[in-house]
Amino acid sequence: GGTTLPVNPNTTEIYAAQNFTFGPVTGFGKFSYATTTLFGAANSSGSTYSDLTMNYDTGFMGIVLNGHVGYQNVAGSVGGISNDSLYSYTDWKIGLTKDFGNGLSGSVAYIDTNAKKEGYAYYNKAAGGSTGLISLTKAF
């Protein structure tokens, strides 16, 4: 066989972000731009990721509603096939967070994406699947 070059998963990005507050809604918008290849995907310099994250304080028992939507655009092409058609995707999250006080908080969330599983099979067979997440966090 021929020589296979190792895939370099390192990525250099520049980004801009802005926090916001509108009454009980807080969050941020963020835009990232890859100045190098994105996670080793060939010819993918110039890829972008846009992120909107919001939290709504329900005013009920310290519960906050969390929401996120992001869009990963993978630039470039390999062998005449655009990276965008194989690897670009939208991801989202909806969840609840409860502050128990004294630095202790808990959360539950549903996370999903429309990533094409076949496009990501090389990188991670689990990519593109939905999941639930339960966490308990203690800040010191």
Side-chain angles (χ1 to χ4, degrees):
T3 303
T4 302
L5 296 175
V7 174
N8 183 351
N10 297 324
T11 300
T12 300
E13 292 180 309
I14 56 175
Y15 67 87
Q18 178 63 54
N19 295 335
F20 60 83
T21 301
F22 298 107
V25 177
T26 61
F28 64 88
K30 181 178 174 182
F31 179 79
S32 301
Y33 178 86
T35 61
T36 62
T37 57
L38 185 71
F39 308 124
N43 302 321
S44 61
S45 296
S47 295
T48 60
Y49 184 74
S50 302
D51 175 348
L52 178 62
T53 297
M54 295 192 304
N55 299 296
Y56 171 71
D57 184 349
T58 66
F60 178 72
M61 297 176 53
I63 295 174
V64 175
L65 177 64
N66 318 115
H68 157 84
V69 64
Y71 179 69
Q72 177 70 66
N73 173 265
V74 183
S77 64
V78 176
I81 300 172
S82 78
N83 285 335
D84 179 53
S85 67
L86 287 176
Y87 303 119
S88 294
Y89 63 89
T90 301
D91 64 273
W92 55 90
K93 168 189 161 184
I94 185 88
L96 297 171
T97 302
K98 165 81 171 131
D99 184 352
F100 295 107
N102 296 320
L104 186 64
S105 64
S107 66
V108 295
Y110 172 76
I111 304 164
D112 203 353
T113 176
N114 68 351
K116 299 170 187 70
K117 290 181 183 181
E118 61 276 8
Y120 280 88
Y122 177 79
Y123 297 102
N124 179 352
K125 293 183 186 287
S130 60
T131 191
L133 178 67
I134 299 173
S135 66
L136 187 61
T137 306
K138 173 68 175 165
F140 297 94

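Note: hydrogens, waters and symmetry copies are ignored here, and every other heavy atom, side chains too, is used.
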**Student:** L38 versus Q72: any side-chain heavy-atom pair under 4.5 Å?
**Tutor:** yes

**Student:** For S82 and S77, which heavy atoms make the closest approach, and how far apart are they?
**Tutor:** CA-CB, 3.7 Å

**Student:** For residues T26 and N19, determine if any side-chain heavy atom of one lies less than 4.5 Å from a side-chain heavy atom of the other.
**Tutor:** no

**Student:** Indicate if L96 and W92 have the same hydrophobic cluster label, given that clusters are the connected sets of ILVMFWY residues with side-chain heavy-atom separations under 4.5 angstrom.
**Tutor:** yes

**Student:** Any side-chain heavy atom of I111 sitting closer than 4.5 Å to one from D91?
**Tutor:** no

**Student:** Rounded to the nearest 0.5 Å, how far apart are OG of S44 and CG of D84?
**Tutor:** 12.0 Å

**Student:** Nearest 0.5 Å, what's the CZ-CG distance between F28 and N55?
**Tutor:** 8.5 Å

**Student:** Please check if atom CG in N10 has more than 12 non-hydrogen atoms from other residues, nucleotides or ligands closer than 6.0 Å.
**Tutor:** yes

**Student:** Please check if Y110 and I63 belong to a single hydrophobic cluster, counting links between Ile, Leu, Val, Met, Phe, Trp and Tyr side chain heavy atoms closer than 4.5 Å.
**Tutor:** yes

**Student:** Decide yes or no for L65 and M54: does some side-chain heavy atom of the first lie under 4.5 Å from some side-chain heavy atom of the second?
**Tutor:** no

**Student:** Find the distance between OH (Y49) and OH (Y71) and round it off to the nearest 0.5 Å.
**Tutor:** 11.5 Å

**Student:** Does a sphere of radius 6.0 Å around CZ in F60 hold more than 12 heavy atoms from other residues, nucleotides or ligands, not counting ones at 6.0 Å or beyond?
**Tutor:** no

**Student:** Under a 4.5 Å side-chain heavy-atom rule over Ile, Leu, Val, Met, Phe, Trp and Tyr, are V69 and V25 clustered together?
**Tutor:** yes

**Student:** Between T12 and T36, is there a donor-acceptor pair closer than 3.5 Å when you use the side chain of the first and the backbone of the second?
**Tutor:** no

**Student:** For the backbone of G70 and the side chain of D51, can you confirm whether one donor and one acceptor N or O come within less than 3.5 Å of each other?
**Tutor:** no

**Student:** Please determine which of V108, T53, I94, T97 meets the side chain to side chain contact (heavy atoms under 4.5 Å, CB included) test together with N66.
**Tutor:** T97

**Student:** Mind checking whether S45 and T37 have side chains closer than 4.5 Å, heavy atoms only?
**Tutor:** yes

**Student:** In this structure, would F20 and F31 fall into the same cluster of hydrophobic residues linked by side-chain contacts under 4.5 Å?
**Tutor:** no

**Student:** Working to the nearest 0.5 angstrom, can you tell me the gap between T113 OG1 and K93 NZ?
**Tutor:** 15.0 Å

**Student:** Could you measure the distance from the CG atom of D99 to the CG atom of D57? Nearest 0.5 Å is fine.
**Tutor:** 10.0 Å

**Student:** Working to the nearest 0.5 angstrom, can you tell me the gap between S107 OG and L133 CG?
**Tutor:** 6.0 Å

**Student:** Heavy-atom count around L136 CG within 6.0 Å, excluding the residue itself: above 12?
**Tutor:** yes

**Student:** How far apart are the closest heavy atoms of S88 and V74, and which atoms are they?
**Tutor:** OG-N, 2.9 Å

**Student:** Give the cluster check for I14 versus F39: same hydrophobic cluster or not, with ILVMFWY residues linked at side-chain heavy-atom distances below 4.5 Å.
**Tutor:** no

**Student:** What pair of heavy atoms forms the shortest contact from S32 to Y15, and how long is it?
**Tutor:** OG-CB, 3.5 Å

**Student:** Ignoring hydrogens, what is the shortest heavy-atom contact between A75 and S47? Give both atom names and the distance.
**Tutor:** N-OG, 2.9 Å

